[in-house]
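Numbering of residues begins at 1 and proceeds along the displayed sequence. Counting convention: from 1, in listed order, for ligands and their atoms alike.
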Amino acid sequence: IPPAAKKIKWCFFFSLFLLQVLSSSFAEQTPCLNGFDSEVFTFKVDRPYLHRGRKLGRVLFNDCAGRGYNIYSSTDQHFQVDIDGTVELKTQLTLHKVQEFSVHAWDSEGMRYTASVRVENVDKTNHHYAQLEETKNRSINVPLLKLSRTKRSWVIPPLNVPENQRGPFPKEIAVLKTDYVKETKMIYSIRGEGADQPPMGLFTINKNNGSLYVTKPLDREIKDKYVLMAHAVAADGEVTEKPMEIIITVIDANDNKPVFTQNPFLGSVPEASPQEFEFMIVNATDADEPETDNADVRYTIISQDPPQPNPNMFIINSITGGIRVNSDGLDRENYPEYTLLIQAADMMGNGLVTTGTAVITVTDSNDHAPQFEKTTYTASVPENKVGAVVVKLPVTDGDEPQSPAWMAKFKISGVNNGGFFSISTGPNKQEGIITAPLDFEQNNKYTLLVITENEVPFAKPLPTSTATVIVNVQDVNEAPVFDPVEQIISKPEDLEVGTELTVYTATDPDTARAQTVTYRISSEDRAGWVSVDRDTGLIRVKSSMDRESPFVKDDKYKVLILAVDNVPATGTGTLVIELEDVNDNAPVVEEREIKVCNKDSVPVSLSATDKDGPRFLSSKWTNFSSKQNQVLFPMFPAIFKKDVFQTD
Ligand SMILES: *[C@@H]1O[C@H](CO)[C@@H](O)[C@H](O)[C@H]1NC(C)=O
Ligand SMILES: *[C@@H]1O[C@H](CO)[C@@H](O)[C@H](O)[C@H]1NC(C)=O
Ligand SMILES: *[C@@H]1O[C@H](CO)[C@@H](O)[C@H](O)[C@H]1NC(C)=O
Ligand SMILES: *[C@@H]1O[C@H](CO)[C@@H](O)[C@H](O)[C@H]1NC(C)=O
């Protein structure tokens, strides 16, 4: 059934009342629009008790995709809607007057549509409805609400009055009538908000003939419903009609344009974001009636500044306001910020329009690899400059300075010639510094491949920059090196002059040069005890050594030996001779003179010292008595002989 036809069918029931609806709220049809066939579906039942499973009727939804079925959802849990649109009772229900609820349906693109369903009990035996009565000679343009004498409660449909109506005012919206008028003159009055309560005088009634008026344009956004009580009293006070409740519903008009919830909207998007990446949402509200076209806002992007690298870098979800990346080419380095002029329009994009801006900051992604300034570097370094800087490799990086996407790090690729070289990042984070190894002798030229990357991974695949570094080693003469640097030997102190002590040699690290090494004794042979063979490094005793010499410390005598190459460069080695003790010193009685009396002599205590080591210190005293020796108190040196002292 075409929508218009459905409407007419509905009209027969509430004929007068509906004329108003028809004239105010129907948009023109355009070819195949998805949506419900009607905004309101009315189903009539003739009894208040409705059993479960009772079918009330069908809502019709038009999906241009022609699916033939739809998913519906009901906002009232008593009712369910089958996929063919049949509305049925899910639970049993007692329907007092009218039950209204909404049904949602989604089209094949996922858009939601809503229609109202009214279920009305038209059981005349229980409830009385205002009768809509035509008068013969009066044009039918307002509802006629007929009051009746029945004692039962009244159920009358709401009066729908569009907001923002044009004048002239007062404008008649309905006529009340009571059967008593046939018998007597009735006086009509109304009470309630909008009548005798604020906003007072919005609605008035002609007390003589029951014409109900609205005196000013209504605004749904201020108040969307008025409840009035209508009274009819006989002029002579004889009869009083039961008061009747009149509900006036203000019908929405699209009189509010959408309003952005903020302006500008601020968003940011990483430059390496993929297409379809949604990074911000804009939002507009519309004060008109929710869930209607009047408040159904759609978003569009009107313009983009700058329009580079293309004018459609972004796309907006017209329904949600979500802004997504639409194109490759975001580039913080060239276009760090975009300003979008955005529009929100109600009536699904065809109604009232508002504009705003969205400011989008493009944030850095690591989309630039650090680049060496040259692909090949040549450096020369003197050998043995330990830790010396060989070469600095500057790089450039297009990403945001001082960010991890900009800071470079370096490594030496593959064979690093035995790991001799090390590379580090310079303090400015934009250069690699290669430092020298410990020893160059093995090679005089090195080729290194250096790779640079950032401190954080690349946001997308990028070619990595490499540099070849050729290091030429400048040979420097090195002094011969003794092995070991200090040699310790143990020898008796009384070796014969000319005895061989040891062979102590040095080698020249300058293997490339074929040098000869000669040996000398340095002045650090303070006692002059040793000699060295110039060519072989053979060390001999040159003069008698003495452990007890003042040049000996802790039994050790140190000699500095020199090894000299052709250049000449001199290396030194230390020969330490540990002198083994020999009993080559007689003990000496310290008391040079003692007195002993002939008579009544008392024992005299003597002390002796010995320069030799502890091994040769313990001595025994030999008893010389005057009887055994003819000489009574000779000088002691004369009477002590070496052999009178023996070791223990
Ligand atoms: C209908 O019109 C006639 C003459 O025009 C008038 O006498 C009569 O009162 C009208 N009826 C009503 C109900 O207004
Ligand atoms: C009631 O009276 C007013 C003013 O005289 C008139 O405009 C209006 O049409 C009348 N209403 C009816 C229902 O006769
Ligand atoms: C839009 O703004 C309104 C009002 O502030 C809020 O209720 C609604 O949730 C917002 N919508 C979105 C998608 O943020
Ligand atoms: C030394 O001679 C005296 C007197 O003859 C004697 O008493 C003493 O024991 C002797 N001492 C030693 C160590 O022989």
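None of Gln275, Glu276, Glu278 except one satisfies the side chain to side chain donor-acceptor pair (under 3.5 Å) rule with Arg324; the exception is Glu276. Between Glu88 and the options Arg52, Lys55, Arg54, a side chain to side chain donor-acceptor pair (under 3.5 Å) holds for only Lys55.
Applying the 4.0 Å criterion to heavy atoms of Thr261 picks out, from ligand 3, the atoms 2 (O). Per-residue contacts place Val175 under 4.0 angstrom from the following atoms of ligand 2 (heavy atoms of the residue considered): 13 (C).
Protein heavy atom in closest approach to atom 2 (O) of ligand 3: Asn283 ND2, 2.2 Å. Thr285 CG2, 3.8 Å is the protein heavy atom nearest to atom 4 (C) of ligand 3.
Between Phe260 and Tyr299, the two ring planes are tilted [angle within 30° to 60°]. Classification of the Tyr338-Tyr335 ring pair by plane angle, with boundaries at 30° and 60°, yields tilted.
In this structure, atom 11 (N) of ligand 3 is in close contact with the protein, since a protein heavy atom lies within 4.0 Å of it. The nearest protein heavy atom to atom 14 (O) of ligand 3 is closer than 4.0 Å.
Taking the ring centre of Tyr226 as origin, the terminal cationic atom of Lys223 falls inside the region bounded by 6.0 Å and 45° from the ring axis.
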